[in-house]
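Shown next, in structure tokens, is the structure this report addresses.
The structure presented is a predicted model; accordingly, all values stated were derived computationally and were not measured.
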Protein chains: 2
Amino acid sequence: MKNLFGAIEAGGTKFVCAVGSGPDDLTEVRFPTTTPQETLGKALAFFAPYKGQLKSIGIGSFGPVDLQRNSPTYGFVTSTPKPGWADTEFAGVFARLFDLPVGFDTDVNGAALGEQRWGAAQGLDNFIYITMGTGIGGGVVAGGKLIHGLVHPELGHMFVPKQPDDTFAGQCPYHGDKCFEGVAAGPAIGARWGTPAHELPADHPAWDLQARYVATALASLVCSFSPQRIILGGGVMGQAHMLNSVREKTVQVLNGYIQSPAILENINEYLVLPGLGDKAGILGAMVLAEQAFDNR
Amino acid sequence: MKNLFGAIEAGGTKFVCAVGSGPDDLTEVRFPTTTPQETLGKALAFFAPYKGQLKSIGIGSFGPVDLQRNSPTYGFVTSTPKPGWADTEFAGVFARLFDLPVGFDTDVNGAALGEQRWGAAQGLDNFIYITMGTGIGGGVVAGGKLIHGLVHPELGHMFVPKQPDDTFAGQCPYHGDKCFEGVAAGPAIGARWGTPAHELPADHPAWDLQARYVATALASLVCSFSPQRIILGGGVMGQAHMLNSVREKTVQVLNGYIQSPAILENINEYLVLPGLGDKAGILGAMVLAEQAFDNR
Ligand SMILES: Nc1ncnc2c1ncn2[C@@H]1O[C@H](COP(=O)(O)OP(=O)(O)O)[C@@H](O)[C@H]1O
Ligand SMILES: Nc1ncnc2c1ncn2[C@@H]1O[C@H](COP(=O)(O)OP(=O)(O)O)[C@@H](O)[C@H]1O
Ligand SMILES: [Zn+2]
Ligand SMILES: [Zn+2]
């Protein structure tokens with residue numbers, strides 16, 4: 001019999017909870033993220049019938065989160081502006097109530113693990129998973145393992161040159177129009193053009209500008225990490241035409257500097273969509289559960 | 001008796017060759033980098049008397065270099081514009097003539113290893129060593145190991161926002177004024193102000209601008225890798241006042257986004273000079289030798 005794991009993809013707008021063992025064995029529910037009491041209550045209720053069968057639980061959470069094992073607030077959602085959620089204990093609640101090992105990481109780190117295990121990064125030791133939606137974030141795997149470091153990567157806040165034809169003031173509360181998220185997250189696109197990003201038609205000039213920002217950020221990541229592949233997820237990549245445009249422009253921006261066939265000849269395999277589609281997050285949480293069980 | 005290792009720090013302007021076992025046991029010679037025949041000849045001659053005593057040789061080389069083990073040109077200097085050096089076999093020459101294991105990596109990756117073993121990154125699993133001199137480059141250690149990935153990091157070519165008061169056209173042959181090296185390497189400083197960087201006085205406006213570029217690049221690296229420390233080497237950091245200015249401006253540029261005491265309270269321990277001073281490169285080559293011996 002397969003091991004049964006619990007998984008939570010905790011997003012700022014919705015929670016996904018699942019039990020199972022992998023892509024072909026996954027029972028899930030989804031509900032909106034409201035107050036911590038209500039939302040965590042629904043999650044606990046979902047897992048309750050599986051108590052005794054689950055080996056462990058994995059949580060990929062929106063942030064900021066505390067990932068320092070020796071910290072008194074390890075496993076908490078910390079300084080989020082999301083009403084009611086600041087300084088909320090998360091992993092510990094499940095560990096205590098189910099008496100199980102609980103794996104805990106950021107949602108994007110979880111998704112990166114999911115892609116490595118079952119998706120577009122299988123067999124790769126060095127890659128980046130980046131998601132562009134309400135915010136921009138990413139997980140970075142180097143030497144086969146997620147980078148945590150000082151805190152964890154915050155790819156959305158890397159600095160990018162302003163495109164000369166862009167007069168938008170930017171909307172990162174910390175970095176204005178200086179950082180990637182400030183100019184290129186979904187809400188920034190919506191605010192720049194006065195129409196929500198998902199309503200802008202495919203031939204709108206928004207997308208050429210967007211692709212240039214994404215290409216510049218990806219080129220920086222290529223030069224600074226030398227990943228073997230970059231996986232592009234999130235709502236903004238829901239624009240089907242974006243992928244090819246980003247590929248083309250990334251090659252242009254690098255301008256032949258990185259002399260690798262992966263970029264010069266095979267960009268279509270270098271910049272790719274998530275292999276697991278929108279299941280990367282929940283399946284990644286399952287990998288976090290597995291790892292927690294293995295390291296128990 | 002200690003193991004005796006051979007080490008080569010192969011720079012574009014000078015070679016350093018040494019035998020020894022660490023910082024307290026190091027016999028070295030330096031000579032200018034001329035033709036490959038003459039330069040490699042001098043290096044071979046330096047090591048010849050130690051044949052039979054050496055366990056292995058480590059080489060940290062200027063690039064670009066081929067680090068793909070399965071490539072027919074592994075251990076070569078490849079497409080360098082440096083006259084005579086394009087497509088030059090390097091590691092293999094020493095391996096054959098001395099019949100020893102030879103470790104081979106970029107000069108900056110070597111320096112990062114040196115700092116990890118004996119310098120400012122002791123005990124750290126995630127850090128960056130960056131050098132700002134004739135070019136800008138760096139080594140990135142994640143999970144205790146150097147990142148190689150697709151090729152190897154090329155930190156100098158990450159993209160940085162142009163400072164609004166800077167009209168310099170930039171001088172990266174690939175990226176103009178878009179990349180870090182294009183606006184902030186020593187020669188870019190010299191060209192912008194019409195005076196070599198090392199001759200500009202400490203109160204010249206060049207240094208405030210320079211510190212802003214460096215701070216922006218470091219802030220991007222902090223957001224994208226989350227290193228536990230960044231080590232700043234190279235001639236440009238020879239300006240004693242730069243270090244504090246860069247620390248201050250990096251904190252300003254991050255603007256409170258990364259909520260870590262390492263940045264908010266202890267920036268002086270977060271951004272530091274190399275612990276090994278100008279010996280990081282040659283001692284790093286010695287670590288490459290050790291590793292080649294251990295993995296033989
Ligand atoms: N098909 C689409 N094309 C362009 N933008 C989209 C599309 N779908 C969603 N978005 C934008 O992406 C953002 C939501 O991102 P998404 O990844 O779906 O959710 P979240 O980041 O909240 O998990 C919104 O700003 C929305 O306008
Ligand atoms: N004390 C100094 N202050 C500012 N710039 C310096 C200083 N020393 C060297 N430089 C500049 O650094 C560059 C040389 O870098 P360096 O790290 O010494 O050598 P390389 O990169 O060739 O190994 C030159 O552009 C030089 O003008
Ligand atoms: Zn930002
Ligand atoms: Zn460049």
Subject >> B:Phe225 vs A:Ile147 side-chain heavy atoms within contact, under 4.5 Å >> reply: yes
Subject >> Which of A:Leu146, A:Asp125, A:Val253 touches chain B most, by non-hydrogen pairs under 4.5 Å >> reply: A:Val253
Original post:
So what's closer than 4.5 Å to chain A heavy atoms on B:Phe180: side chain, backbone, both or neither?
Top reply: neither
**OP:** Let me know if B:Asn126 has heavy atoms under 4.5 Å from chain A in its side chain, its backbone, both or neither.
**Re:** side chain
Original post:
In terms of heavy-atom pairs under 4.5 Å with chain B, which of A:Gly143, A:Pro227, A:Cys179, A:Ala262 leads?
Top reply: A:Pro227
**OP:** Tell me the residues of residues 149-161 of chain B whose non-hydrogen atoms fall below 4.5 Å from those of chain A, in number order.
**Re:** B:Gly149, B:Leu150, B:Val151, B:His152, B:Pro153, B:Glu154, B:Leu155, B:His157, B:Met158, B:Phe159, B:Val160, B:Pro161
Original post:
Heavy-atom distance under 4.5 Å to chain B: side chain of A:Phe127, backbone, both or neither?
Top reply: neither
**OP:** Can you tell which part of B:Leu124 gets under 4.5 Å to a heavy atom of chain A, answering side chain, backbone, both or neither?
**Re:** neither
Original post:
Using a cut-off of under 4.5 Å for heavy-atom pairs, which of B:His148, B:Arg229, B:Lys162 has the most such pairs with chain A?
Top reply: B:His148
Original post:
How about B:Ser224 and A:Leu221: do any of their side-chain heavy atoms sit closer than 4.5 Å?
Top reply: yes
Original post:
What's the shortest heavy-atom distance between A:Leu254 and B:His175, and which atoms?
Top reply: O-NE2, 3.0 Å
Subject >> Segment of B:Ile128 engaging chain A (4.5 angstrom heavy-atom cut-off) >> reply: neither
Original post:
By number, which residues in residues 65-78 of chain A have some heavy atom less than 4.5 Å away from chain B?
Top reply: none
